[in-house]
J.: 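Below you'll find the structure I mean.
Numbering of ligands and ligand atoms starts at 1, following listing order. This is a predicted model, so every value here is computed, not measured. Residue numbers start at 1 and run along the sequence shown.
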Amino acid sequence: MFILRVLRRFCTRSMASAKFTTQVLKCDPSSIDFSSDEPVISCHDTADALKTAARHLVAQRQPVVFPTETVYGLGALALESDAAAEIFSTKGRPADNPLIVHVSSMKMLQSLLPPGYTIPDTYQALIKTFWPGPLTLLFPRNPSVIPSIITAGQPTVAIRMPAHPVARALIAIADAPLAAPSANTSGKPSPTRAAHVAADLDGKVPLILDGGACGFGLESTVVDGLAEDGHLRVLRPGGVTVEDLECVLRDNIPVDVGAQPWRVLVHKRDYADAQQEQAPTTPGMKYRHYSPSVPVVLLSTLANDSRNSVPISDYLETLTTSLLSSSSSSSSSTSALSSISIGVLAPTDSLLWSRLPSTSSNSRIRWQRHPLGPLADPGVIAHNLFDGLLSLEKAGVRVMLIEEVSEKREGLAIMNRVRKAASETVAVSLS
Ligand code: TXA
Ligand code: MG
């Protein structure tokens with residue numbers, strides 16, 4: 001009877017907080033052909049799912065979740081303030097954090113820009129190479145088209161054309177630009193699979209389009225190329241690497257004799273901007289980001305000066321001793337006896353794996369290993385990072401350890417996310 005009462009109370013409470021019965025519809029990206037600006041869809045179920053999603057967006061002004069090549073997005077009509085407002089309430093997103101507007105064609109981009117605005121040569125070159133794809137560009141806002149809720153009052157608007165066929169087809173079928181942040185409760189890691197979204201936003205959205213795992217796995221690169229000095233500023237590293245941006249500019253934008261050469265400047269690495277950091281225009285600066293519900297420790301292994309680092313075996317000994325002693329002093333007898341899981345995320349070929357103590361049958365410590373991919377291939381590590389954080393959280397680990405990677409190519413975006421997810425950094429030596 002008691003159990004029934006508790007269950008009934010639990011069900012009533014969860015039903016009361018659910019706004020929708022969330023529907024998950026499969027979409028097959030390979031059935032969508034985008035050789036022209038209009039999608040041609042060969043699979044009936046995919047076409048129906050996209051039409052249903054467009055109906056929710058346009059007729060009912062409701063947000064829907066869709067896959068992109070970076071992470072899953074929570075989309076709503078970008079040009080309708082009431083529809084866009086649903087994004088903020090669904091995510092619990094602070095109103096001063098602006099949204100990216102997603103377009104499906106150059107014609108749609110043009111319709112958002114101020115009358116008479118000419119797209120600069122640098123942007124033309126970047127768009128030609130990286131669109132559709134994981135690159136977001138800041139443009140001047142046309143206040144008569146872009147509602148202020150989208151830009152949080154900023155004079156610029158962030159725009160990208162996603163490469164994922166489902167995302168692009170949805171925008172084309174809705175025939176309207178979509179504002180879409182990552183489809184997670186604010187502050188959590190971004191979802192890269194429909195199941196991640198369902199675990200987080202079930203009952204809060206009417207529909208999730210399931211297009212499989214996202215290809216890149218981290219968000220788009222956000223670039224501001226509007227400054228007078230001609231430099232490109234990377235506000236958030238992401239799917240398009242700094243090395244790739246430099247390469248395209250080098251090949252396409254000549255530097256006039258005697259002029260100062262352009263540079264690609266990465267926020268926090270190459271420049272700081274106190275005023276910008278006060279406003280939340282620098283993605284992820286003002287608010288906590290990418291944090292699972294358990295502590296994340298960054299294992300720093302690449303410092304030039306190893307004098308301050310501790311041997312990994314000493315660190316693991318201290319960590320496990322403190323976890324065991326805090327659980328044995330717990331008032332609950334079950335938690336004093338149950339095993340304690342520690343999640344570990346590291347490159348597949350890292351030395352760290354051989355340094356983990358083997359799990360013996362009489363130990364209460366369990367190591368949950370999540371290899372991320374080869375050290376030599378940061379693209380694979382990027383693809384697996386958020387999935388790793390979310391899977392280990394779901395597996396109930398008490399703490400997660402993540403090994404540092406080099407900040408080259410996709411490594412820059414990986415470490416940007418890892419530093420924000422981590423509540424603590426410990427310098428360790430693996431040798
Ligand atoms: O890959 C992505 O970009 C994904 C997918 C769904 O497209 N979207 C995404 O959105 O990551 P969101 O909202 O999670 O992150 C967008 C970031 C925010 O941190 C925001 O501060 C920044 O872009 N942003 C948006 N508009 C901006 C603006 N006008 N100036 C500077 N930063 C801006
Ligand atoms: Mg986000």
J.: Can you spot which of Lys19, Lys91, Arg61 makes a salt bridge (charged side-chain N to carboxylate O under 4.0 Å, His left out) with Glu86?
T.: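 Going through the options one by one, the only one that passes is Lys19.
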
J.: Counting heavy atoms only, which part of Thr151 comes closer than 4.0 Å to ligand 1: side chain, backbone, both or neither?
T.: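 It is neither; nothing of Thr151 touches ligand 1.
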
J.: Looking only at distance, does Ser182 have an N or O less than 3.5 Å from an N or O of ligand 1?
T.: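 Ser182 vs ligand 1: N/O contact under 3.5 Å present.
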
J.: Do the side chains of Lys408 and Glu243 get close enough for a salt bridge, i.e. N-O under 4.0 angstrom?
T.: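 Looking at Lys408 and Glu243, the cut-off is not met.
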
J.: Looking only at distances, can you tell me whether any N or O atom of Glu219, backbone or side chain, sits closer than 3.5 Å to an N or O atom of ligand 1?
T.: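 There is no such contact.
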
J.: Side chains of Leu226 and Pro140: does their closest heavy-atom pair fall under 4.5 Å?
T.: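 Side chain of Leu226 against side chain of Pro140, heavy atoms only: contact under 4.5 Å found.
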
J.: Check side-chain contact (heavy atoms from CB on, under 4.5 Å) between Ala183 and all other residues, then give those that pass, not counting sequence neighbours.
T.: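 Checked Ala183 against side-chain contact (heavy atoms from CB on, under 4.5 Å); matches are Val65, Tyr72, Leu74, Pro191, Val197, Leu201.
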
J.: Taking atom CZ as the centre, does Arg409 end up with more than 12 heavy-atom neighbours from other residues, nucleotides or ligands that are less than 6.0 angstrom away?
T.: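 Buried by this count: over 12 neighbours within 6.0 Å.
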
J.: List ligand 1 atoms under 4.0 Å from Arg160, heavy atoms only on the residue side.
T.: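 Close to Arg160: 1 (O), 2 (C), 3 (O), 5 (C), 7 (O).
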
J.: Side chain, backbone, both or neither: which part of Leu138 has a heavy atom under 4.0 Å from ligand 1?
T.: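 The answer is the side chain of Leu138.
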
J.: Quiz question: by atom type and distance under 3.5 Å, do the side chains of Arg160 and Thr70 form a donor-acceptor pair?
T.: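 Distance-only check passes for Arg160 and Thr70.
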
J.: When only distance counts, is Thr70 in polar contact with ligand 1, meaning an N/O pair under 3.5 Å?
T.: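 For ligand 1, there is an N or O atom that lies under 3.5 Å from one belonging to Thr70.
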
J.: Can you list, pair by pair, the side-chain donor-acceptor contacts under 3.5 Å of residues 104-115, counting residues two or more places apart and other chains?
T.:
unit_1 : atom_1 : unit_2 : atom_2 : d
Ser105 : OG     : Met108 : N      : 3.1
Ser111 : OG     : Met108 : O      : 2.6

J.: Under 3.5 Å, is there a donor-acceptor pair linking the side chains of Glu219 and Ser190?
T.: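 Yes, a side-chain donor-acceptor pair sits under 3.5 Å.
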
J.: Salt bridge or not for Arg193 and Asp387, using N-O below 4.0 Å?
T.: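 A salt bridge links Arg193 with Asp387.
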
J.: What atoms in ligand 1 come closer than 4.0 Å to a heavy atom of Ala158?
T.: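 Answer, ordered by atom number: 25 (C), 26 (N), 27 (C).
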
J.: Counting each atom of ligand 1 from 1 as listed, which ones have a heavy atom of Ala180 under 4.0 Å away?
T.: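 Counting atoms of ligand 1 from 1, those under 4.0 Å from Ala180 are 6 (C), 8 (N), 10 (O).
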
J.: Between Pro98, Pro67, Gly73, flag the one that comes closest to atom 27 (C) of ligand 1 by a heavy atom.
T.: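 The nearest heavy atom belongs to Pro98.
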
J.: Hey, which atoms in ligand 1 end up nearer than 4.0 Å to a heavy atom of His102?
T.: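 Contacts of ligand 1 toward His102, numbered from 1: 5 (C), 7 (O).
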
J.: Please check whether Lys91 reaches ligand 1 - meaning an N/O of the residue sits under 3.5 Å from an N/O of the ligand, judged on distance alone.
T.: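 So ligand 1 has no N or O lying under 3.5 Å from an N or O of Lys91.
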
J.: Can you tell me if Arg236 has a non-hydrogen atom under 4.0 Å from ligand 1?
T.: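 Flag set, Arg236 near ligand 1.
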
J.: At less than 4.0 angstrom from any non-hydrogen atom of Leu235, what atoms of ligand 1 do you find?
T.: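 So the answer, numbered in order with elements, is 31 (C).
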
J.: Of the listed options (Val222, Asn97, Thr156), which comes nearest to atom 29 (N) of ligand 1 when hydrogens are ignored and any heavy atom counts?
T.: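 Comparing heavy atoms across Val222, Asn97, Thr156, the nearest one to atom 29 (N) of ligand 1 lies in Thr156.
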
J.: Which protein N, O or S atoms sit under 2.8 Å from the Mg ion (ligand 2)?
T.: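 Under 2.8 Å from the Mg ion (ligand 2) - ignoring waters, which are not counted - the protein N, O or S atoms are Ser182 OG.
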
J.: Identify, by atom number and element, the atoms of ligand 1 in contact range of Ser220, meaning under 4.0 Å from any of its heavy atoms.
T.: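 Counting atoms of ligand 1 from 1, those under 4.0 Å from Ser220 are 1 (O), 2 (C), 3 (O).
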
J.: Sequence neighbours excluded, which residues qualify as side-chain contact (heavy atoms from CB on, under 4.5 Å) partners of Glu393?
T.: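 Glu393 satisfies side-chain contact (heavy atoms from CB on, under 4.5 Å) with Lys188, Pro292, Ser293, Leu390, Met400 once adjacent residues are dropped.
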
J.: Is any side-chain heavy atom of Trp353 closer than 4.5 Å to a side-chain heavy atom of Arg369?
T.: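 The answer is yes; the side chains approach within 4.5 Å.
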
J.: Quiz question: by atom type and distance under 3.5 Å, do the side chains of Asp200 and Thr185 form a donor-acceptor pair?
T.: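 There is such a pair between these side chains.
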
J.: Under 4.0 Å, heavy-atom basis, I'd like to know which part of Glu69 is in contact with ligand 1: side chain, backbone, both or neither.
T.: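 For Glu69, there is no contact with ligand 1 at all, from either part.
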
J.: Scan side-chain atoms only and decide if Ser220 and Thr136 contain a donor-acceptor pair under the 3.5 Å cut-off.
T.: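 Judged by distance alone, the side chains do pair up.
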
J.: I want to check something: taking the side chain as every heavy atom from C-beta on, are Val297 and Ile402 in contact at a cut-off of under 4.5 Å?
T.: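 They are not in contact (no side-chain heavy atoms under 4.5 Å apart), so the answer is no.
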
